[in-house]
There are 2 protein chains.
Amino acid sequence: MHGKLILVVEDERAIRDMIAFGLKRAGYGVREAEDCRTAREALADRLPDLMLVDWMLPDMSGLELTRSVKRDRLTRELPIIMLTARAGEGDKVTGLENGADDYITKPFSPRELLARIGAVLRRAGTLGLDQVIEFEGLKLDQQGQRITVQDEVLPLARTEFRMLEFFMSRPERVFSREQLIARLWGSDTSVEDRTIDVCIRRLRMALEPYGLDRYIQTVRSAGYRFSNKAQ
Amino acid sequence: MHGKLILVVEDERAIRDMIAFGLKRAGYGVREAEDCRTAREALADRLPDLMLVDWMLPDMSGLELTRSVKRDRLTRELPIIMLTARAGEGDKVTGLENGADDYITKPFSPRELLARIGAVLRRAGTLGLDQVIEFEGLKLDQQGQRITVQDEVLPLARTEFRMLEFFMSRPERVFSREQLIARLWGSDTSVEDRTIDVCIRRLRMALEPYGLDRYIQTVRSAGYRFSNKAQ
DNA sequence: CGGCGTTGTCATGACTCTGCAACATTCTGC
DNA sequence: GCAGAATGTTGCAGAGTCATGACAACGCCG
């Protein structure tokens, strides 16, 4: 898999395909769902970085899905963009009131969609694909899928990369092992939570030559945090 | 020489002139076509950096032109903006399904048009198609359709050439096998993704005598990247 | 037709990564 | 300071990923 993961919930096949095509082309990972049930399964499987939801869905309205996602503690932070066919003011307001982070009226251009996604991801604190984040000499290049320290490439395996990427886009926040597993592996996967420790260690070892391992901080009985402040 | 070249396909003389005037004023090179046939000739003659197409054209719909341009491997990457007179929803959706990168509804202000063009060109992110890209002794001549190393022509088969061309115009970016297939073969073709490995290998073998094969980097579980930095 | 270059597919072996378990160390409350 | 809990460290086997060579299908041109 590649880049940020976006879940597209849309019943009309043609539109869904078009959206997926545009997103993949831009380098996002895409997961598709045609109704709320499938969407829930996908959410349970692995939490995406952003969700696009059609307003009109066959089994249950997209609103309902949005609302429930925003109610659940595990998925509350997931940014949501609603796709609405009508340009009616009422819809937009209702959508936003129920927790969508943004909405976009059909029809829309791929450019428009990508712009919105970038904006929402930025606001959510994670990164759009065309952005570069820098942190004390640590430079994260999303497009290039690598992290450099003073122009030296950090040799990271996939899991370590994703973990550092995750932390770098959410500094100063503590994440429990449970949360990390849900976001980086997928909540249905059966991974021991002690595995996180090992992954953290590998990450620290990779950062150690540059003295940056101190940024990966242990918060006892809570989880881990990425921060440049002293413990 | 002008800056980027824009092809304007529009049957109404007055509108075409107005658009051309605005674009030239902004520093773009402009080429005009009044129908699809002329447009095709212009495309064959010299590939522009962007194409503006009117939705309603006398001989053939602009849609048809868009679709065929996006189907053709040579012109697939050409960004297209559609001009549509009607604000009807159907139009836009159809336009997008057929591959236009953006659309703009008439009437529009010159400022709006320029903004869209800028955004689409930025997103396309490719270097000008008529430029010569040089990379550590590796020279890509897109006009001559060949690649040279210290004035020696690299013996490349078509597929390898296209792949190297693709990578050279987008350095430092990782592309998944899926993406490479979609962009180099076409999204509708069914090609095994392992085929990419083989193609990469052939490319590396061609570059190896010059010690340039190290630029083609494997990014484990993500894809490949063209870069002159160390792994 | 037949040789030649090109292209996609496959099987195999080499290699890296990853999660786990087992043991070592540190921390916390008492 | 001690017991128990939480975290750090290490080696390893299985899983996953990639490079490589062989090969068949195809088109092209004499």
Side-chain angles (χ1 to χ4, degrees), chain A residues 1-2 29 46 145-147 153-167 174-208 213-226 231, chain B residues 73 145-147 153-166 174-208 213-226 231:
Chain A
M1 186 150 317
H2 198 244
R46 170 140 172 246
Q145 288 278 303
R146 60 181 167 188
I147 297 176
V153 178
L154 258 190
L156 291 177
R158 182 174 58 157
T159 313
E160 285 126 64
F161 176 85
R162 295 209 313 158
M163 182 173 264
L164 183 50
E165 176 189 32
F166 181 84
F167 275 125
V174 178
F175 293 94
S176 69
R177 293 178 175 70
E178 187 194 355
Q179 282 176 306
L180 290 171
I181 289 175
R183 314 277 308 245
L184 295 174
W185 276 262
S187 46
D188 70 330
T189 50
S190 61
V191 179
E192 293 292 319
D193 53 354
R194 296 306 315 281
T195 297
I196 299 292
D197 301 35
V198 180
C199 197
I200 287 281
R201 156 143 179 86
R202 287 176 180 143
L203 195 47
R204 280 176 174 156
M205 282 177 72
L207 289 171
E208 198 243 292
D213 53 321
R214 65 200 162 89
Y215 292 161
I216 312 269
Q217 303 176 347
T218 304
V219 182
R220 201 182 164 78
S221 73
Y224 295 93
R225 171 179 48 206
F226 185 79
Q231 277 271 31
Chain B
R73 195 177 282 135
Q145 289 286 294
R146 57 181 170 185
I147 297 174
V153 178
L154 257 189
L156 291 176
R158 267 192 305 280
T159 313
E160 288 129 53
F161 174 83
R162 283 211 316 274
M163 182 172 266
L164 184 50
E165 177 188 34
F166 182 84
V174 175
F175 293 93
S176 68
R177 293 177 176 72
E178 197 186 356
Q179 280 179 307
L180 289 171
I181 290 173
R183 294 226 179 169
L184 293 173
W185 275 260
S187 50
D188 45 356
T189 52
S190 64
V191 181
E192 292 293 319
D193 51 355
R194 291 266 131 240
T195 298
I196 299 293
D197 300 34
V198 181
C199 198
I200 288 281
R201 158 150 176 81
R202 287 173 179 146
L203 194 48
R204 278 176 175 157
M205 282 177 71
L207 289 170
E208 199 242 291
D213 53 322
R214 67 200 160 89
Y215 292 160
I216 312 270
Q217 303 177 346
T218 303
V219 183
R220 196 167 212 277
S221 74
Y224 294 93
R225 168 179 49 208
F226 185 81
Q231 273 274 32

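A note on names: the letters A, B, ... follow the listed sequences, proteins ahead of strands, and every chain is numbered from 1. Since the structure is predicted, the reported quantities are computational estimates derived from the model, not experimental observations.
The A:R220 side chain lies nearest to C:dC27 when the options are C:dT18, C:dG19, C:dC27. Out of D:dT7, C:dC20, C:dG8, the shortest distance to the side chain of A:V191 is found at C:dC20. Nearest nucleotide to the side chain of A:T159, out of D:dA22, D:dA19, C:dT18: C:dT18. For B:R204, counting side-chain heavy atoms from C-beta on, the closest listed nucleotide (D:dA19, D:dT17, C:dG19) is D:dA19. Out of D:dG21, C:dT18, D:dA19, the shortest distance to the side chain of B:T218 is found at D:dA19.
The closest donor-acceptor contact from the side chain of A:R158 to the backbone of B:S221 lies at 3.5 Å or more, if one exists at all. Remark: the backbone N or O of A:I216 is not paired with any side-chain donor or acceptor of A:R225 at under 3.5 angstrom.
Atom CD in B:E192 sits about 18 Å away from atom P in D:dA24, given to the nearest Å. The nearest whole Å value for the distance from the CG atom in A:L203 to the P atom in D:dG8 is 12 Å.
If you look at B:F175 and B:F166, their ring centroids are closer than 6.0 Å.
Heavy atoms of A:Y224 sit under 4.0 angstrom from primed sugar atoms or phosphate atoms, though from no base atom. Among the heavy atoms of the strands lying under 4.0 Å from A:S190 are primed sugar atoms or P, OP1, OP2 only; no base atom is included.
Looking at A:R194, its side chain comes within 3.5 Å of the base of D:dG8 through a donor and an acceptor atom. Looking at A:R158, its side chain has no donor and acceptor atom pair within 3.5 Å of the base of D:dG16.
Between B:R201 and D:dA19 there is no side-chain N or O to OP1 or OP2 distance below 4.0 Å. Here B:R177 reaches the OP1 or OP2 of D:dC18: one of its side-chain N or O atoms lies under 4.0 Å away.
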Side chain to side chain contact (heavy atoms under 4.5 Å, CB included), that's the test. Do A:R202 and A:L156 meet it? Break it down for me. CA-CA 9 Å; A:R202 287 176 180 143; A:L156 291 177; over 6 Å; no

